[in-house]
Amino acid sequence: MAGERQARLADRIRVILAERLEKGLRDPRLGFVTITDVRVSGDLQHASVFYTVLGTEEERISSGAALASATGMLRSEVGRQLSTRLVPTLEFIPDALPENADNITALLRQAQERDAEVAKLASSAKHAGDADPYLRADAPDED
C-alpha cells in the first residue's frame, strides 16, 4: 500500500515540477532541464528529483545552481498542488543516465569494430595442419 502511494506521489511531483519548469523560472542560469525521475521516501517526507540538462558541462553546473536556489519556490508550488498534510522536501540530483548511455554506446561501437576485425581475419584463415588423408571428399557424413 505504501509503495503504491509513494509511486503516485512521486509521479505527481514529477509532473508538477516539469510543468513549472516548462513555464520557466526567472533565473537566467537555468538551461534546458528535463525531470527524469522522482523518488519519494517511505515516510513521504523527502523527494529526490533526478534531472538532466541538455548542453555543456558549464550549463549543467549553472542549471544545478539555479535549481538549488529555486528549491523553496518549487516546493511551495508542489505544496499548492498536492493534497497532502506535509510537503516533502526536494533534493535535486543530476542524473548520470546520459553519461552512462554515451559510455555504453562507445563500448558497443568498440565491440562491433573488434567483431568486424575478427570476421575479416576469419574469412581469410585456413585450418592448421595437413588435410586428413582418410577423409574422402565424396563420402557422406556418418554420425
Could you list the cluster mates of Phe32? Members are the ILVMFWY residues connected by side-chain heavy atoms closer than 4.5 Å, either directly or through other members. Leu54
Quick test of your reading of the model: are Arg60 and Glu57 salt-bridged, counting only N-O distances below 4.0 Å? yes
Keeping the roles fixed (side chain from Gln6, backbone from Leu44), state whether a donor-acceptor pair exists under 3.5 Å. no
Run the side chain to side chain contact (heavy atoms under 4.5 Å, CB included) test against Thr56 and tell me which residues pass, sequence neighbours left out. Glu58, Glu59
Starting at CD of Gln45, measure out to CG of Leu86 and round the result to the nearest 0.5 Å. 5.0 Å
Taking all non-hydrogen atoms of both residues into account, name the closest pair between Ala47 and Val38 and its distance. CB-CG1, 4.2 Å
So, are Glu77 and Arg80 salt-bridged, with charged N and O less than 4.0 Å apart? yes
On a heavy-atom basis, the closest approach of Ser48 and His46 is OG-NE2, 3.6 Å
Identify the two heavy atoms, one from Thr71 and one from Ala68, that lie closest to each other, and give their separation to 0.1 Å. OG1-O, 3.0 Å
Distance from Arg20 atom CZ to Met73 atom CE, nearest 0.5 Å? 4.5 Å
Can you confirm whether Glu113 sits close enough to Arg109 that some side-chain heavy atom of one is under 4.5 Å from a side-chain heavy atom of the other? yes
Can you tell me how far apart CD (Gln110) and CG (Asp115) are? Round to the nearest 0.5 Å. 11.0 Å
What's the separation between atom CD in Glu22 and atom CD in Glu19, rounded to the nearest 0.5 Å? 7.5 Å
Does some side-chain heavy atom of Leu90 sit less than 4.5 Å from a side-chain heavy atom of Leu67? no
Hydrophobic cluster membership, Phe50 vs Leu9, 4.5 Å side-chain cutoff: no
Only one of Ser62, Ser63, Ser69 passes side chain to side chain donor-acceptor pair (under 3.5 Å) with Arg29, and that residue is Ser69
Holding to salt bridge (Lys or Arg N to Asp or Glu O under 4.0 Å), I want the full list of residues that pass it with Arg14, two or more places apart in sequence or in another chain. Asp11
CD1/Ile13 to CZ/Arg8 distance, rounded to the nearest 0.5 angstrom? 12.5 Å
Quick one: does Leu17's side chain get under 4.5 Å of Tyr51's, heavy atoms only? no
Hey, does the side chain of Thr34 reach the backbone of Thr52 with a donor-acceptor pair shorter than 3.5 angstrom? no
